[in-house]
Amino acid sequence: MERTHTCGELRESHVGRHVVLMGWVAKKRDFGVFTFIDLRDRHGLTQVVVSEETAAEAHAKAKNLRGEFVIAVKGEVVSRAEGTHNAKLATGDIEVYVREILILNDAKVPPFQLEVAGSENLASEDTRLKYRYLDLRRPALQQNIIMRAKAVKAIREYFDDRGFLEIETPILLKSTPEGARDFIVPSRIHTGKFFALPQSPQILKQITMISGLDRYYQIARCFRDEDLRADRQPEFTQLDMEMSFVNREQVYREMEGMFNHVLKLIDVNLPAEWPRMTYSEAMRRYGSDKPDLRFGMELQDLSDSLKESDFAPFADTLRAGGEIKAIVVKGKAHYSRKQTDELQEFVRRYGAGALAWIKLGDETTSSLLKALGEPKIAELASIAGAEKGDAVLIVAGKKPVVAAALGALRNEVARREDLIERDRYECLIVTEFPMFEHDDETDTYVAAHHPFTSPMDEDLELFRTGVNDPSQHHLLGQVRAKAYDAVINGYECAGGSIRIHQKEVQALNFKALGMTPESARARFGFFLDALEYGTPPHGGFAAGIERTCMILCGTENIRDVMAFPKTASAQDLMMDSPGDVDNAQLDELGIAVIEPHP
RNA sequence: GGGGUCGUAGUUCAGUUGGUUAGAACGCCAGCCUGUCACGUUGGAGGUCGCGGGUUCGAGCCCCGUCGGCCCCGCCA
C-alpha cells in the first residue's frame with residue numbers, strides 16, 4: 001500500500017477518487033455500527049469513516065484503535081452529507097469512506113493529551129519537554145517548525161540571489177577569553193589542550209573577506225555558556241554575513257532586504273528603507289537600545305525643572321550627574337496604591353531607588369506632593385505632557401539606571417495595559433553604538449560590540465587621544481562605533497558593524513581594551529598577521545534565526561521555535577543531557593573530575 | 001550568584017481556620033449508541049499531595065531545608 005495523499009490536501013475536487021492516507025489517530029468517535037477517525041499528519045487532519053455494513057473487517061480493526069496509533073486507510077473520497085460539513089477543517093467538505101485499514105503501529109497511551117479541549121490547558125512544560133517527540137506532533141508547534149524551515153529557505157534564497165557564497169566554518173575552534181563563556185571540547189590527540197565551540201564565526205568570516213571571497217553568508221550554529229532567558233538558549237543559530245568594499249548604508253540595505261524578504265512569509269510589508277535612529281537618541285527617548293516602536297510613551301526629561309529643587313533625593317541625583325525622567329500612562333490616573341507599589345518593585349530590579357508618581361484624577365495626587373508642593377507637581381505633569389486622567393511615573397538616578405528602569409517600565413506598562421496591537425510590526429535600525437562600555441567593577445573599558453569593530457571616522461582622533469593619553473582615558477566612553485542593530489517590535493534581531501581593516505587601528509583598539517601587544521598576539525596573532533596581507537574594507541551582520549522566527553510565529557518563547565530546546569537550567573529533559581562519561585573516556589583525555597568545593 | 005512564582009490522579013486544576021474516607025474536568029478501561037467532529041450515555045480503575053526533616057493529639061495546608069519547571073536581575077565581546 002502506498003500513500004497517495006496527505007491528510008491536509010483532499011478537497012471537494014477529489015470526490016470519487018480512491019486514496020490511501022497514512023497518519024496518526026488524533027481522535028476516534030465510535031458509534032457502534034460506524035466509527036469516525038480523525039487522521040493526522042504534518043499537513044492536516046482528515047476525517048475518515050468506517051462502517052460495519054460496508055467494511056466489516058476494517059470496522060473490527062477500528063474498534064481497537066487508540067490515540068496515536070499509526071494507520072493506513074484505503075478508501076473513497078466522498079462529499080459530506082448536507083449539514084455535516086466542518087468549517088473548522090480545511091478538509092471539512094469531504095471525508096474518506098474506508099474499505100481497508102492497516103495498523104502500521106500501535107502506541108502507548110501518551111503521558112499527556114496533545115490537544116486539550118478549550119486549548120491552552122497544555123501539560124506543563126517539563127512534561128512536554130521530556131516527551132518532546134509527542135509535543136512536536138502538536139499542529140501548533142509543527143507550524144512553527146515549518147515556518148522556521150521556510151524562513152531559513154527564504155534567507156538562503158535572498159543571499160544566493162545576491163551573489164553571496166554559503167561557506168561553512170569550523171565548529172572546533174580555539175578559546176578566546178573575550179566575550180561570553182566558551183563551551184570547550186577536550187582534544188584526545190593533544191592531551192590537556194582544548195577546542196572551543198564558536199560563540200559566532202566572527203573572525204573566520206572576516207578572514208573569508210581577506211581571502212577575497214567578497215560576499216559570505218552562513219546559517220551558523222553558535223554556542224555561549226551563559227544563563228538562559230525566554231529568548232536565549234546556550235545553543236542557537238545565526239544568519240551570519242559579511243561583505244567587502246562596503247559602507248554602513250550598503251550593509252543596512254542587505255539587512256533591510258533580507259528581513260523584508262523573510263517577513264513576506266507572514267504577509268508583512270516593512271518599508272524598503274527602515275527608519276534610522278542613533279543609539280544615544282534611542283536611549284534618550286526610549287531608555288533602550290532596542291525600542292519597541294509599536295507604542296509611544298516616550299521618556300520625558302524632568303531634570304531641568306527640578307534643578308533648583310531642595311528635595312534631597314532629586315537634588316543629590318542631579319548633583320551627582322544623574323537625571324530625573326518620567327513616562328506618562330494615558331488614562332491611568334486611577335492606578336491604585338497597590339499597582340504603583342508593584343511597578344515600584346518592578347523598577348527596583350533595575351537599580352532604581354523608588355518610583356514617584358503623579359495622578360491627574362479629579363484631584364491631583366502625588367507621592368511628591370509634600371516634598372515639592374502643588375504648583376511644582378502641576379508643572380512637572382505639564383512638562384511630561386500629561387493631561388487630566390493620566391498617570392506620570394518618575395524615576396531619578398544615574399543615567400544608565402534611569403534608562404534601564406524606565407525603558408523596562410515602558411514595556412511592562414504597555415504589556416499590562418495591552419497597548420500593543422497584535423498585527424503591527426515596527427522596524428528600526430539603531431546606529432552609532434558606543435565603541436566601549438565602562439566596567440564599573442574594574443574601572444576599565446570593554447568592547448561594546450567586539451574588538452574588531454571600527455570606530456566612526458569622526459571619532460578617530462578622540463579614540464587616539466583616549467588610548468594614548470592615560471589622563472584622557474575617559475574619552476573612550478564617548479567614542480562611537482560603526483556598529484548597528486536591526487530591531488523589530490523591540491527585539492534585537494540582528495547586529496553588525498563595519499570592521500577595522502587596518503592593522504594600526506586594530507592595535508590601538510587592543511590597547512584600549514587593556515591588552516598588551518604580546519597578549520593580543522597570543523590570542524589573535526593569526527588574525528593580526530592576516531590583516532597585514534591586504535585586507536579590504538568590509539562589514540556585515542549576524543541575525544538571530546530564533547528571534548526572527550519568534551516574530552514570524554508570534555511567540556515570546558524561544559523554545560517554541562526550536563525542535564529540541566533546553567530548559568532554563570540548560571538541560572535536555574528528553575535525552576537527559578548533560579550526562580556522565582566513562583572513566584575510560586576521561587582517562588584517554590587526561591581529564592579528572594573533581595568534586596565541587598562544599 | 002540573587003529575586004519572584006509554581007509543584008496535589010496519566011493531564012489541567014480545586015482543596016475553607018490544621019480535623020472523618022483528598023475532589024472535579026479531561027484522559028484511560030469496560031458496555032451501549034446510524035452522522036459525530038470538545039459526540040453522547042452507563043459503569044469502573046486510578047493518589048509517595050515533588051523529596052527530607054520539624055511543630056502538633058492530628059499536616060496537602062504551618063516552619064526549616066532540598067530538588068525540579070517557568071520568569072526576571074547579574075551574565076550574554
Side-chain angles (χ1 to χ4, degrees), chain A residues 26-39 45-49 51-53 63 66-68 80-89 91-92 95 97 108-131 134 176-182 199-200 202-203 222-234 236 342 345-352 404-405 408 411-412 433 435-437 439 441 445-453 481 483 492 495 497 509 513 515 523-524 542 544 556-557 559 566-569 571 573:
Chain A
K27 196 87 186 176
K28 183 179 78 169
R29 290 178 294 277
D30 184 354
F31 282 78
V33 295
F34 61 89
T35 299
F36 297 102
I37 297 160
D38 289 339
L39 195 62
L45 205 70
T46 298
Q47 172 166 284
V48 304
V49 195
S51 163
E52 189 173 31
E53 216 169 289
K63 277 271 181 232
R66 273 202 319 246
E68 303 310 312
R80 289 205 189 186
E82 187 75 24
T84 66
H85 291 239
N86 186 345
K88 287 182 230 160
L89 275 184
T91 59
E95 60 196 6
Y97 220 83
K108 289 169 73 175
V109 175
F112 60 92
Q113 291 161 256
L114 302 195
E115 301 298 322
V116 180
S119 192
E120 299 320 309
N121 270 354
L122 287 171
S124 66
E125 193 151 10
D126 48 334
T127 307
R128 288 184 288 123
L129 285 171
K130 182 174 176 188
Y131 300 95
L134 295 178
T176 56
E178 295 285 309
R181 211 173 281 118
D182 283 318
Q199 296 175 24
S200 91
Q202 185 60 37
I203 293 180
C222 303
F223 306 86
R224 292 177 191 175
D225 189 6
E226 298 292 347
D227 288 345
L228 294 83
R229 286 286 188 281
D231 62 350
R232 243 166 54 190
Q233 286 264 320
F236 62 101
E342 273 175 22
E345 275 312 302
F346 180 83
V347 296
R348 280 192 167 146
R349 287 187 225 163
Y350 299 87
N411 286 331
E412 175 69 11
F433 271 74
M435 187 87 175
F436 305 99
E437 276 165 10
D439 183 341
E441 272 176 39
Y445 284 91
V446 298
H449 191 53
H450 59 59
F452 317 109
T453 302
E492 178 198 326
S497 64
N509 201 22
L513 298 171
M515 279 184 249
R523 291 174 200 179
F524 305 114
E556 293 187 345
N557 200 299
R559 293 183 298 278
K566 292 178 176 56
T567 66
S569 61
Q571 286 178 294
L573 296 182

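Every value quoted in this text rests on a predicted model; they were computed, and no experiment measured them. Quick note on labels: first sequence line is chain A, next is B, and so on, each numbered from 1.
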Base paired to [N] (Watson-Crick or G-U; both N/O distances under 3.5 angstrom):
N: G7(B); value: C67(B)
N: A24(B); value: U12(B)
N: U55(B); value: none
N: C75(B); value: none

Looking at C75(B), does its base get a donor-acceptor pair with the side chain of R232(A) below 3.5 Å? yes
Please tell me if [X] has a side-chain N or O lying less than 4.0 Å from either OP1 or OP2 of [N].
X: T84(A); N: U36(B); result: no
X: K27(A); N: U36(B); result: no
X: Q571(A); N: G69(B); result: yes
X: K130(A); N: G69(B); result: no
X: K108(A); N: G27(B); result: no
X: R229(A); N: C73(B); result: yes
X: R29(A); N: C39(B); result: yes

What is the nucleic acid contact for [X], judged by heavy atoms within less than 4.0 Å: base, sugar-phosphate only, or nothing?
X: E437(A); value: nothing
X: R559(A); value: sugar-phosphate
X: T35(A); value: nothing
X: E125(A); value: sugar-phosphate
X: R66(A); value: sugar-phosphate

Among C75(B), C72(B), C70(B), which nucleotide has an atom closest to any side-chain atom of N557(A)? C70(B)
Go nucleotide by nucleotide along RNA chain B from the 5' end; which of V109(A) and K63(A) gets its closest nucleotide reached first? V109(A)
S124(A) or N86(A): which one's nearest nucleotide on RNA chain B is closer to the 5' end? S124(A)
Y350(A) and F346(A) aromatic ring geometry - parallel, tilted or perpendicular at 30°/60° bounds: tilted
Is the distance between the ring centroids of F452(A) and F524(A) under 6.0 Å? yes
